[in-house]
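One structure below.
Read the numbers this way: they start at 1 and go in the same order the structure lists the ligands and their atoms. Nothing fancy with the numbering, it's 1 onward along the sequence.
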Amino acid sequence: MKKPWAGRFTEKTSKIVEQYTESVSFDKRLWKYDIEGSIAHAKMLSKQSIISKKDADKIIKGLKEIYREIEEGKFRFRQEFEDIHMNIEAALMEKIGEIGGRLHTARSRNDQVALDLRLYLREEVREIIDLLKNIEKTLVDMAEKNLNVIMPGYTHLQRAQPVLLAHHLMAYAHMFDRDRMRVEDCLKRINILPLGSCALAGTTLPINRRYVAELLKFDAVSENSMDSVSDRDFALEFLSCSAIFMVHISRVAEELILWSSEEFSFIELPDAFTTGSSIMPQKKNPDVAELMRGKTGRVYGNLMSLLIIMKGLPLAYNRDMQEDKEPVFDTVDTVKLTLNALIQMLPKVKFNIKRLKDTADAAFSTATDIAEYLVRKGVPFRTAHEITGKIVRHCIENKKRLSDLAISEYKSFSALFGQDIYNFIGITESVNAKKSYGSTSPEMVKEQIKSLKKRLR
Ligand code: ARG
């Protein structure tokens, strides 16, 4: 069969060119959206009397048959027809003859492929938003279950101050909350109809783009036909949103890996989410978390690919843009799998509450509370810091903990110390005494849980 564009050509396309230019091997994934878009287009053409109602009905019936054939796996995708658009059009012509050739009126593959990609991403992105919500809920749920568990908070991976495990978990919930909002925002710019831009300049035919937008449930119609066929910002935004939430996933993954090590022993990962070693029988490896960290790399790579493909392209459509699909598809597949795995793994993580608490209790983690005690008694913070530093050194030299020091020892560092100092050096007291908005006290953590839950409703 002849190619739809073969009119001006005298020579046959060479085999290598067919191999080199084809995209159907991967863009066949867009078949559903391609047919959906074509049906809406045919309806519009008939409503505007550009084609007859009779022809439109035949076209739509043919398209629906093709839909079923593809769904049932009976459709043969052919490389010689390049891409999904021409594969479906060729099949339609085979079914209903020349009338099928009326479908491509006032349309080009340039606006058609932009439409398909937007329809595809719109559906996938909605699913991804739900998955992100699900992770947020999972983390909130874990925080609520661990409201009284104290753990060491770190800076520079050195124990810093005691915090609530719930506070730590909620830090991740907030990251994913921003991620969700970012993706929701990106959806606004995906959900704009490019069809009707035609090759680049629009058409002389009396089309009705608003009607197509209504049929396909788009929020708006694109305003510049040249921009519409050469714009992939919506895909770039999706890829960058994905790259950003993979940052967060890789950080969660890293902590799961670290915390499940013998050295930390903060958590136990569920058996179902770890694997053994083929040589060392005692091993239980955090492979799933490691792959989450690893797969983050390919998601960044996909963003880089599309940024580089689009860089410096002259207006309007260029064939380079066919290379947009694989990075987008790969990112969709990777992030959906990763999000699903994380949603299932997180609630099964077992926290070693005693170990968390004991670790928080060591290493003078409440030294800052002592300095703040002195500040409340009127000492400038820098001086208070200095005095407390000396107390810590004294403890190290004498192998004592802050709570082991007698009041006379405290007083030898500053006369301002009173008996009440002992109310401030325990880790529970330290956490409870935090007052600032957004801090780690149970009161404040409950508040952030409440406000995040409200956003999730
Ligand atoms: N397969 C092409 C793509 O994915 C469709 C658009 C082709 N347009 C063209 N003028 N050759 O970008």
Original post:
Under a 4.0 Å heavy-atom cut-off, which residues neighbour ligand 1?
Top reply: Ser23, Asp83, His85, Arg109, Asn110, Val113, Tyr317, Arg319, Gln322, Lys325

**OP:** Salt-bridge test for Asp219 and Lys188: reply yes if a basic N is under 4.0 Å from a carboxylate O, no otherwise.
**Re:** no

**OP:** Give a yes or no on this: more than 12 heavy atoms of other residues, nucleotides or ligands lie within 6.0 Å of atom NZ of Lys336.
**Re:** yes

Original post:
Think Arg355 forms a cation-pi with Phe266, using NZ or CZ under 6.0 Å from the six-ring centre and within 45 degrees of its axis?
Top reply: no

Original post:
Salt bridge check: are Glu447 and Lys450 linked by an N-O gap of less than 4.0 Å?
Top reply: no

Subject >> Set of ring pair (Phe, Tyr, Trp, His ring centres under 6.0 Å) partners for Tyr67, sequence neighbours left out >> reply: Trp31

Original post:
Do Arg109 and Glu82 meet the salt-bridge criterion of a basic N to acidic O distance under 4.0 Å?
Top reply: yes

